[in-house]
Amino acid sequence: MAELPKQYDPKQHEEKIYKKWEDAGIFAPSEKASGKPFVIMLPPPNITGSLHMGHALQDTIMDILIRWHRMMGDKTVWVPGTDHAAIATNKVIENQLYTEGKTRWDIGREAFMERTEQWYAKTGAEILNQMKRLGCSCDWGRARFTQDDGYVEAVNEAFVRYYEQGYIYRGARIVNWDPKTQTTVSDLEIDWKTEKAPLYTFTYGPFEISTARPETKFGDKYVVMHPDDKRYAKYKDGEMFEAEWINGSVTATVIKDEVIDMKFGTGVMTITPWHDTTDFEIARRHNLDMEQIIGFDGKLLPVAGEFTGLETSEARPKIVEKLQAKGLLVSINENYEHNVALNDRGKGVIEPQVMRQWFVDMKKLKGDTIEVAKKDLIRFVPPRWKKHFIDWMENVYDWNINRQIWLGHRLPVWWKAGTHGTDSEEGNFVVSIEKPAGDYEQDPDVLDTWFSSALWPFATLGWPEPTDDLKTYYPTSVLVTGRDILYLWVARMIFSGLELLKDKKYSRPAIEARIPFHDVFIHPTVLTKKGQRMSKSLGTGIDPLELIEKYGADATRFGLMYQMSYDSQAIKFDEEGIKAARNFSNKLWNIARLLESLPDRATESVADAWIQNRLQAVASEVTNLLSLYKFGEAARILHEFVWGDYADWYLEIIKVEGSTVIAREVFKTTLRLLHPFMPHITEVLWAQAGEPKLLAISAWTAEGVVVDDTSKDIAIFQEVVGAIRSARILLGIKPGSKITIFTENALPLSQALEALAKITISSEKKEGMRALPLQSGTQLFFGSDEITPDSLAAARARLKKTEEKAENLITSTKRIIAAMRGRAAEDKISEKEALVATTEQQLEDIRRSYDLLDE
RNA sequence: GCGCGUGUAGCUCAGUGGUUAGAGCAUCACAUUGACAUUGUGGGGGCCGAAGGUUCGAUUCCUUCCACGCGCACCA
């Protein structure tokens, strides 16, 4: 076997190993697998995107789960795929056009789509290749794209079914309009930014009203106040009055409504139903007139009179000026703060508009979704997300599903020519996948990206056809995702799955057969070390590919997992952690080198039994932690075992005595346990150890052996070594100088002890040997030529300290026992009593040591 | 405003109703030609965010408060 170089170089191995796995075809579910199906759908990244730290974390988690289950013999499959990224790509194309001085309308829909295809071809699905560099074991043959033919069919089918079931309706509602990108935006995709803006108070008839947006006020003809507001008790609901306003006199009506906050401003407000959600609701409740003031281009409409055609920001100061000139301005509060709605993609300022749009009636469609969470048919991990989910679902509002961009899934809706967007819409459309006969044109809008994403868990398996894959792999096992899309995506997959698998042909009458996944694991967000969001534009992002380049994929994976903790919702990412993980992989590498260099030796020692027991404990702990999604804890336990127990102690012993056969077996099982975390290096070392079969498809744990519990021997060994090392420093004995020790008790692993602590064990107590106190009560004497009066004084001080500790322990434990009497359980008390007894024994030994020290 | 999370060594984080609260990194000292300087050994460094309460005993459980982060709602 070739000799291994001194250091592990990931670049030499990772790509080759990955190819080995792919060539062996082990990423597809094994036909021979006897276990249950274990299925994960990759949350599809944007096809044009590139891997960021959030992906790296999420993908590592999924790959760990997948590899672990594959090793356990489950029928394991990880389905990858990409999303068409409608908004992002649409914007890229529009930006291209902008630099050419064109708009999308100039080139037309067909040419636009052609450019999109070119863009997709150019960027490819590069992100999936980046996942391969991380070592992800996806079944690439099953990869799907939200705009491949079958998927488009699924989207159309879903729309038609929803429509036929009465879940989809067309209606005029207030929606979030982004004049910048000329499309609607969902409430979930809005960023709220706090902004300082003057709050103006104006006279409006007999009232005073306040507003931060005077430019919307042209059409206001209702004043609203709380029915219980005593200040305005004399004004009756429906009462009319004349008010002088921006462009002359208006007739206004008094409305009483309980949404008014009596404490805000004057307790009276005028409403602008067309451009404000709350106002819209009030207007609907009281059946009031609504009028559009601001056009879809963000400019004022003719209702604004002399201000027509101005941008809202331009118009505002001019309007204030005019009202002031008219003597209607009462005051300006310059310190007022309010929240401005921005489109989180592109940061356009949202202008609410009333528009005819397509909606999903969520009250109807949510159906059993809440039950599914309440009854834990879908388990949220960590469980606190369950409550968030239920709260949101209980207050869910109707979902606006169409967008006015061009890229995306067209709606399977056909309008009689010239009717779309006019007052004669009603009754003039057909919902159907095929174009109906006659003069029909397709709805120009596309669906919200999340409409298609919502179908991901089953559309990837061939839905709407009742395919074998759908039969075998649905519901999937676990969804791994970030909390930011819990509502946008997770919730929508759940109610979509529950509804769209209802049809008889899927034979899934039970709710639990229709859920899209059993578990939802919400992973933490990766932040910078300082706790900032990682973002390209802020320059705070870290590229995982650079980390892979620098430290290797395994180190990147392990380092991320090592920094993760179950309860925390953020990882403050520290590159040092990846460096530490790189060092860890090097440690593994060198363990393998050492094992190769050792002679074959079968004589067992207490250390062999100890390490085997430790390994079994670690194996069952790691298995348990993985089943609880506690990846960080599992990684830390493995690290501690390998570096602390196995390398620092066990291997030091095995250099001198013990079974190298067992040493190699234990290491191989360790490689199995580490494989999901660090797939490449473990696979390399597994082969190096002479195993012919790929580790990736080997069993998760080796069969356990029953061995004696020798942990006490090891504890004594460790204590003796530690005490001698400390004593050496305390007494100022040079590292090279020899120490001789003697003890009446038999010391375990005496040969290893001599080598490790650099001492000689004497068979008799020699002249000048001094007592070294141990907490375990072992009587130890040591001698050295370098012992001086000074060092003896130090040893005495050390002894004194040990004595005091023992004394304190005894008195405090006695006090605790006294306090516990009659309060605590008997076995707890006897536990403490035993502690007192052994400590008293030790104390005696320690005191005896004083005499010996003074001899 | 409501809810959630976090607060422990210089930094990133473990942990526990009961002895002396731990790790990695950083720091200091020492070691080292045979697995590994991507190493080893040792040391220094902590009113466990603050105040109350429960308890024989609280860093741990409860309450309140403070700081930071996140989500939701409201914003005339």
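Note that the coordinates shown come from a computational prediction; the quantities given were computed from them, not determined experimentally. Letters A, B, ... mirror the listed sequences (proteins, then strands); counts begin at 1.
Closest approach to the A:Lys572 side chain among B:C4, B:U12, B:G24 is made by B:U12 (side chain taken as heavy atoms from C-beta onward). Checking B:G40, B:A14, B:U38 against the side-chain heavy atoms of A:Gln7 singles out B:U38 as nearest. The listed nucleotides are B:G42, B:G5, B:A14; the one nearest the side chain of A:Ile729 is B:G42. Which of B:C70, B:C56, B:A35 sits closest to the side chain of A:Arg533 comes down to B:C70. Here B:C11 is the nucleotide among B:G40, B:C75, B:C11 with the atom lying nearest to any side-chain atom of A:Lys529. For A:Ile816, counting side-chain heavy atoms from C-beta on, the closest listed nucleotide (B:A14, B:U39, B:G18) is B:G18. Checking B:U39, B:C74, B:G69 against every side-chain atom of A:Gln569, the shortest atom distance belongs to B:G69. Checking B:C4, B:A35, B:U39 against every side-chain atom of A:His388, the shortest atom distance belongs to B:C4. Proximity note for A:Tyr487 (side chain, C-beta onward) versus B:C36, B:C72, B:A73: the nearest is B:C72. Which of B:U38, B:G18, B:A35 sits closest to the side chain of A:Arg593 comes down to B:A35.
Using a 3.5 Å distance cut-off with no hydrogens or angles, the side chains of A:Asp220 and A:Thr272 do pair a donor with an acceptor. If you check the side chains of A:Thr253 and A:Lys221, you find no donor sitting under 3.5 Å from an acceptor.
Comparing B:G34 with B:A21, their C1' atoms sit 39 Å apart, to the nearest whole Å. When the C1' atom is compared between B:G24 and B:A9, the two are found 12 Å apart, to the nearest whole Å. For the C1' atoms, the distance from B:C70 to B:U64 is 23 Å, rounded to whole Å. A gap of 28 Å separates the P atoms of B:C25 and B:U20, to the nearest Å. To the nearest whole angstrom, the two P atoms, one in B:C4 and one in B:C62, are 12 Å apart. Rounded to whole Å, the separation between the P atoms of B:A26 and B:G40 comes to 12 Å. Here the separation of B:C2 from B:U60, taken at their C1' atoms, is 28 Å to the nearest Å. Atom name C1', nucleotides B:G69 and B:A29: the rounded distance is 40 Å, in whole Å.
Nucleic acid contact for A:Asp261: base, since at least one base atom lies under 4.0 Å from a heavy atom of the residue. Looking at heavy-atom distances under 4.0 Å, A:Thr278 makes contact with sugar-phosphate atoms alone, never a base. A:Lys832 comes within contact range of the sugar-phosphate backbone alone, with a heavy-atom separation under 4.0 Å but no base atom that close. No engagement by A:Leu527 is indicated, since no non-hydrogen atom pair under 4.0 Å with the nucleic acid exists. Note on A:Lys6: only backbone sugar-phosphate atoms sit closer than 4.0 angstrom, heavy atoms only; bases stay farther off. Among the protein residues, A:Thr211 comes within range of the sugar-phosphate backbone only, with heavy atoms under 4.0 Å from sugar or phosphate atoms but none that close to a base. Using a 4.0 Å heavy-atom criterion, one finds that A:Arg483 contacts the sugar-phosphate atoms exclusively. At the heavy-atom level, A:Phe667 lies nowhere under 4.0 Å from the strands shown. Note on A:Trp192: a base of the nucleic acid sits closer than 4.0 angstrom, heavy atoms only. Counting any heavy atom pair closer than 4.0 Å across all strands shown, A:Ala212 reaches sugar-phosphate atoms only and no base atom.
If you take NZ of A:Lys758 and C1' of B:G40, they are 8 Å apart, rounded to a whole angstrom. Atom CD1 in A:Ile571 sits about 9 Å away from atom P in B:C13, given to the nearest Å. Rounded to whole angstrom, the span from the CD atom of A:Glu576 across to the P atom of B:G10 amounts to 18 Å. Taking atom CG on A:Leu547 and atom P on B:U38, their separation rounds to 19 Å, with Å as the unit. Rounded to whole angstrom, the span from the CD atom of A:Glu633 across to the C1' atom of B:G22 amounts to 15 Å.
Checking the phosphate oxygens (OP1, OP2) of B:C72, no side-chain nitrogen or oxygen of A:Asn395 falls inside 4.0 Å.
Residues A:Asp276 and A:Gln563 both approach RNA chain B. Their nearest nucleotides, taken by heavy-atom distance, put A:Gln563 toward the 5′ side.
Counting distance only, with no hydrogens placed and no angle test, the side-chain atoms of A:Asn586 and the base atoms of B:C36 include no donor-acceptor pair under 3.5 Å. A:Glu652 contributes a side-chain N or O that forms a donor-acceptor pair with the base of B:A35 under 3.5 Å. Side chain A:Arg582 to base B:U38: a donor-acceptor pair is found below 3.5 Å.
A:Asp229 contributes no side-chain N or O that, together with a main-chain N or O of A:Met262, makes up a donor-acceptor pair within less than 3.5 Å. Between the side chain of A:Asp276 and the backbone N or O of A:Asp279 there is at least one donor-acceptor pair closer than 3.5 Å. Side chain of A:Lys668 to main chain of A:Trp686: no donor-acceptor pair is present (N/O by atom type, distance under 3.5 Å, no hydrogens or angles). Under a 3.5 Å cut-off, the side chain of A:Asp554 and the backbone N or O of A:Ile681 do form a donor-acceptor pair.
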Test A:Asp257 against A:His286 for side-chain hydrogen bond (donor to acceptor under 3.5 Å, both in side chains), laying out the working first.
CA-CA 9 Å; A:Asp257 196 291; A:His286 298 272; 2.6 Å; yes
Produce a footprint string for nucleotides 57-63 of chain B: one letter per nucleotide, 5' end first; B if the base is under 4.0 Å from any protein heavy atom, S if only the sugar-phosphate is, - if neither.
-------
RNA chain B base-pair string [pairs: Watson-Crick or G-U under 3.5 Å; |: paired with another strand]
(((((((..((((....[...)))).((((((....).))))).....(((((..]....))))))))))))....
